[in-house]
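Notes follow once the structure below has been shown.
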Amino acid sequence: MEEAVTRKFVHADSSHIISFCAVVEACVLHGLKRRIAGLLCSNKVAALFMKAAKSFSPAEELCHKVQELEQLIENRSNVVLIRQSKLANLPPQALRHLWIRTALMEKLLDKIVMYLVENSSAFYEKEAMLMDPVDGPILASLLVGPCALEYTKVKTADHFWTDPSADELVQRHRIHSGHCRQDSPSRRPALIQKRQSSGSMDDRPLMWVKDYVESLHQNSRATLLFGKNNVLVQPRDDMEAIPGYLSLHQTADLMTLKWTPNQLMNGNVGELDSEKSVYWDYAMTIRLEEIVYLHCHQQVNSGGTVVLVSQDGIQRPPLHFPKGGHLLQFLTCLETGLLPHGQLDPPLWNQRGKGKVFPKLRKRSPHGSCDSVSDKEDDEATDYVFRILFPGNQMEFSDAPLSCFCMLMMGMMVLLCCAVALELMDQGVNMWQPTPRKSSCSSCSQNGSSDGSLRFFFPTRAPLKLLCDTMKYQIISRAFYGWLAYCRHLSTVRTHLSALVNTTIVDPEVPCGARGGLSVEVWSRFLQDRSAYEEKEIHRLVYFGGVAPSLRKEVWPFLLGHYQFTMTEKCRTEIDEQMKIMYEQTMKEWQGCEAIVRQRESEKHAEAIARCSSGASVERGPVQRDSTISTDVSLTLCIECAVLCNHITTEKTRSIRSLKGENYNRGTARRGGCEGHSRLWNYVRRCDRAYWYFTSENLDKLRNIMCSYVWQHLDTGYVQGMCDLLAPLLVILDDEVMAFSCFTELMKRMNQNFPHGGAMDSHFANMRSLIQILDSELFELMQQNGDYTHFYFCYRWFLLDFKREMVYDDVFSLWETIWAAKYTSSEHFVLFIALALVEMYRDIILENNMDFTDIIKFFNEMAERHNVPQVLMMARDLVQKVQTLIENK
């Protein structure tokens with residue numbers, strides 16, 4: 001759905017479709033009766049749909065369509081039929097979900113699933129998802145939207161490489177990076193190395209090459225400004241010039257010039273041998289932003305030649321245009337594409353009746369002293385040098401000190417030359433009148449006298465001194481304003497970022513190396529003698545190296561604030577006893593309320609059954625499950641029950657009711673009583689149920705802790721995501737009371753990240769400031785591609801402290817680093833972890849020009865697959881970078 005909104009279409013071969021079909025198939029097969037599969041146990045979906053087809057016409061229609069497709073699959077030798085059918089270019093993954101995919105494309109999936117829900121008792125066991133009176137209809141309703149979309153197989157210029165998986169993007173980047181390191185500097189980069197899935201030319205996918213050739217023409221991502229075939233290029237000195245297709249493409253922020261040999265333009269590379277595959281190395285892709293000069297050479301009997309010179313002075317192979325004014329047409333299209341941010345210098349002239357023409361050269365008349373425009377015809381061979389200018393580009397703030405230094409050095413050199421000249425003039429040396437000489441350069445003769453000699457004359461010393469003073473003033477003024485701009489930039493940095501980091505930079509090697517982390521030996525020495533290590537030293541060891549896994553159960557209560565580092569063993573025991581008493585009292589309160597709520601619901605249910613059995617009219621229908629009832633309503637009923645049981649004081653009841661208001665609906669509260677408890681239990685059951693620790697017994701512990709916390713914080717209640725924060729604590733501590741206390745301490749910081757707090761907006765604003773200052777290139781890309789500098793894709797990261805982005809072992813090391821960072825480097829270390837995650841994949845984001853949809857999809861697929869030690873190292877480096885920037889070292 002998101003792809004349909006952002007891209008205005010959904011391609012039938014998109015990986016989103018494959019993933020969607022896999023999820024729907026898992027839901028449909030959940031709790032399926034064994035007898036339904038019958039003889040087709042290898043394909044349960046087919047057996048289920050065939051069973052439904054006996055009494056449901058849409059399912060019968062689907063069976064006919066799938067049988068036709070399966071028959072075509074069996075006859076794969078008939079290539080013509082396959083190409084004409086819908087199986088052309090079908091991904092292999094899609095064949096595994098052929099029934100679901102076909103039902104989706106034919107807009108029958110929602111109808112069939114709704115039929116299965118309505119007749120679920122005939123197909124499913126009691127615990128099946130479609131048997132649930134809430135989950136089943138919701139699933140069928142959610143399928144209405146995807147079935148209403150239009151799916152297309154129309155090829156766009158980029159659909160073969162704009163929808164790869166995150167694995168493929170990372171693999172491509174690794175191959176590209178390694179390939180770039182192995183290449184020699186003199187070798188021209190490959191044309192499409194970025195989209196290459198293998199380092200070998202022989203492994204190039206056939207369909208990819210074909211569609212690359214098609215991408216050279218007009219497409220949705222780039223505008224084709226110019227295209228011409230049979231443009232000659234001599235790739236090497238020892239070979240003749242070969243013809244190819246030259247194209248000029250423009251995107252929102254980039255112009256690219258491509259040249260592809262004609263041997264590759266047919267798109268049929270299936271029969272290419274090793275000799276022809278060499279042509280891929282001759283192809284060129286040139287970014288116009290890297291080009292400074294265009295040398296245009298016109299010949300009378302040919303179309304002209306263009307030589308591109310880049311910023312580093314390297315000349316690209318000459319482009320030989322055929323006859324017919326194609327060189328002028330190319331320059332015209334280039335000049336149009338550069339506007340409004342760039343221009344050619346000198347610009348092309350507009351001539352009435354002809355359009356764009358080459359500028360006329362100003363030459364010295366042989367019989368006069370004034371310049372005149374040449375009146376010769378346009379067909380005369382003339383050479384030009386055009387320069388590509390971008391007047392709006394200004395130097396980055398980060399280069400301001402260097403620019404000021406360069407200007408000062410150049411100014412000092414000029415002043416030194418002027419001073420030497422003045423000294424020579426004082427000594428009577430006339431250095432301003434050299435020996436007359438005939439100039440051999442036409443550009444020099446244009447500025448000289450009529451006889452070609454160079455004459456400079458300064459009659460007095462005063463004008464020269466005035467010139468030196470003026471230059472000195474201008475140089476100092478530019479240096480001052482450059483320095484002032486840089487200082488203002490640093491002031492902005494200090495204002496926005498100084499609150500995000502600690503002022504003191506902690507060295508990982510002083511007083512001793514901290515990369516090894518908090519070891520068993522160090523911790524044992526600390527417990528025996530508190531003076532052996534200070535609290536800040538313990539935090540420094542944890543921050544740079546983490547905690548030994550065997551020590552986490554002991555160290556985490558200190559890091560979270562359950563214990564203080566200065567406490568003795570006796571004090572810690574007393575705190576544990578007090579916490580145990582308080583936890584048991586809380587458990588007694590909410591469990592008593594739960595029993596009363598369940599008893600009331602049982603009585604209401606029995607009363608309703610009695611009315612139905614007696615045949616009496618029932619004013620209200622059977623109790624329906626309402627998923628919109630909030631937990632607050634059930635808590636209100638719990639308060640009433642608790643007052644009856646004398647489990648809580650009247651003062652506490654008044655305070656809670658004042659938060660919730662007295663005008664509540666008692667009937668609604670009764671309906672929501674068990675609903676709130678069952679919803680909380682559903683969240684607990686779904687929390688990391690695949691992890692080995694969470695057996696039924698430990699899930700009960702998780703529920704007890706969660707209910708106890710909610711009971712003590714009735715003003716907030718339960719918010720989705722709290723179970724994710726509690727689960728790692730329970731895994732490490734393996735004790736209800738200790739986990740409850742540590743979770744309470746953790747929520748003091750995390751509570752503001754939930755919707756009732758305001759920390760999330762601050763996180764987004766700080767992320768925007770950080771990346772704008774530390775990586776302006778990536779920030780500009782985010783602004784250009786739909787402006788996702790709001791950083792909403794980081795919401796889950798901040799809400800759960802990256803718990804769903806890492807595996808459990810990595811979550812442990814990351815969390816303890818965050819807790820220790822508060823006292824070592826930054827209280828907002830989560831921002832730098834988020835920034836490190838973005839920076840780790842910045843090259844992939846830039847290379848693939850990702851928009852908001854792409855980056856969400858990428859990070860969702862990369863969840864639990866990040867290199868967390870590298871992420872933490874980058875985050876620490878980013879903190880130190882900001883600290884250094886603020887100190888202006």
Is any side-chain heavy atom of V45 less than 4.5 Å from a side-chain heavy atom of V28?
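No, side chains not in contact.
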Beyond-backbone contact of W556 with M738, side-chain heavy atoms, under 4.5 angstrom
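No; the side chains remain at least 4.5 Å from each other.
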Between [Y] and [X], is there a salt bridge with N-O shorter than 4.0 Å?
X	Y	answer
R796	E805	yes
K553	D734	no
D810	K803	no
K44	E25	no

Would T817 and Y543 satisfy side chain to side chain donor-acceptor pair (under 3.5 Å), going step by step from the backbone distance to the final call?
CA-CA 5 Å; T817 306; Y543 175 71; over 6 Å; no
Sub-3.5 Å donor-acceptor pair from the side chain of [X] to the main-chain atoms of [Y], do we have one?
X	Y	answer
N751	M747	no
R804	D724	no
D110	A140	no
H828	L500	no
H713	Y709	yes
Q883	N502	yes

Parallel, tilted or perpendicular: rings of [Y] and [X] (30°, 60°):
X	Y	answer
F812	Y808	perpendicular
W797	F859	perpendicular
H866	Y841	tilted
F852	H790	perpendicular

Among side-chain atoms of D854 and N848, is any donor-acceptor pair under 3.5 angstrom?
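Judged by distance alone, the side chains do not pair up.
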Can you run down the salt bridge (charged side-chain N to carboxylate O under 4.0 Å, His left out) pairs that involve residues 863-880, sequence neighbours left out, and say none if there aren't any?
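Residue pairs passing salt bridge (charged side-chain N to carboxylate O under 4.0 Å, His left out), neighbours aside: D167-R865.
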Taking it one step at a time, do F558 and W523 satisfy ring-ring contact (aromatic ring centres under 6.0 Å, His included)?
CA-CA 12 Å; F558 287 89; W523 183 249; 5.3 Å; yes
For the pair I845 and F858, evaluate side chain to side chain contact (heavy atoms under 4.5 Å, CB included) and give the outcome as yes or no after the intermediate values.
CA-CA 9 Å; I845 296 172; F858 176 79; 5.5 Å; no
Out of F832, F798, F829, which one pairs with H763 under the ring-ring contact (aromatic ring centres under 6.0 Å, His included) rule?
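That would be F798; it is the only one of F832, F798, F829 passing the ring-ring contact (aromatic ring centres under 6.0 Å, His included) with H763.
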Does the pair H539 and F565 meet the rule for a ring-ring contact (aromatic ring centres under 6.0 Å, His included), with working shown?
CA-CA 11 Å; H539 285 135; F565 282 92; 5.3 Å; yes
With side chain to side chain contact (heavy atoms under 4.5 Å, CB included) as the criterion, how do H756 and V719 come out once you've worked through the C-alpha distance, each side chain's angles and the decisive distance to 0.1 Å?
CA-CA 9 Å; H756 54 267; V719 183; 4.0 Å; yes
Between Y788 and Y792, ring centroids under 6.0 Å:
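No, they do not, as the ring centres are separated by 6.0 Å or more.
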Test of ring centre spacing under 6.0 Å for F740 and Y583
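For F740 and Y583, the ring centres are under 6.0 Å apart.
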With W815, which of I732, L725, L560 fulfils side chain to side chain contact (heavy atoms under 4.5 Å, CB included)?
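Option passing the side chain to side chain contact (heavy atoms under 4.5 Å, CB included) with W815: L725.
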Working for side chain to side chain contact (heavy atoms under 4.5 Å, CB included), residues C723 and Y718:
CA-CA 9 Å; C723 283; Y718 178 81; 3.3 Å; yes
Atom CG in L116, atom SG in C27: separation rounded to 0.5 Å?
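The CG atom of L116 sits 12.5 Å away from the SG atom of C27.
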Rounded distance (nearest 0.5 Å) linking atom CD of Q783 with atom CG of L781:
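The CD atom of Q783 sits 10.0 Å away from the CG atom of L781.
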Step by step, would you call F743 with M706 a side chain to side chain contact (heavy atoms under 4.5 Å, CB included)?
CA-CA 9 Å; F743 178 70; M706 201 72 259; 3.6 Å; yes
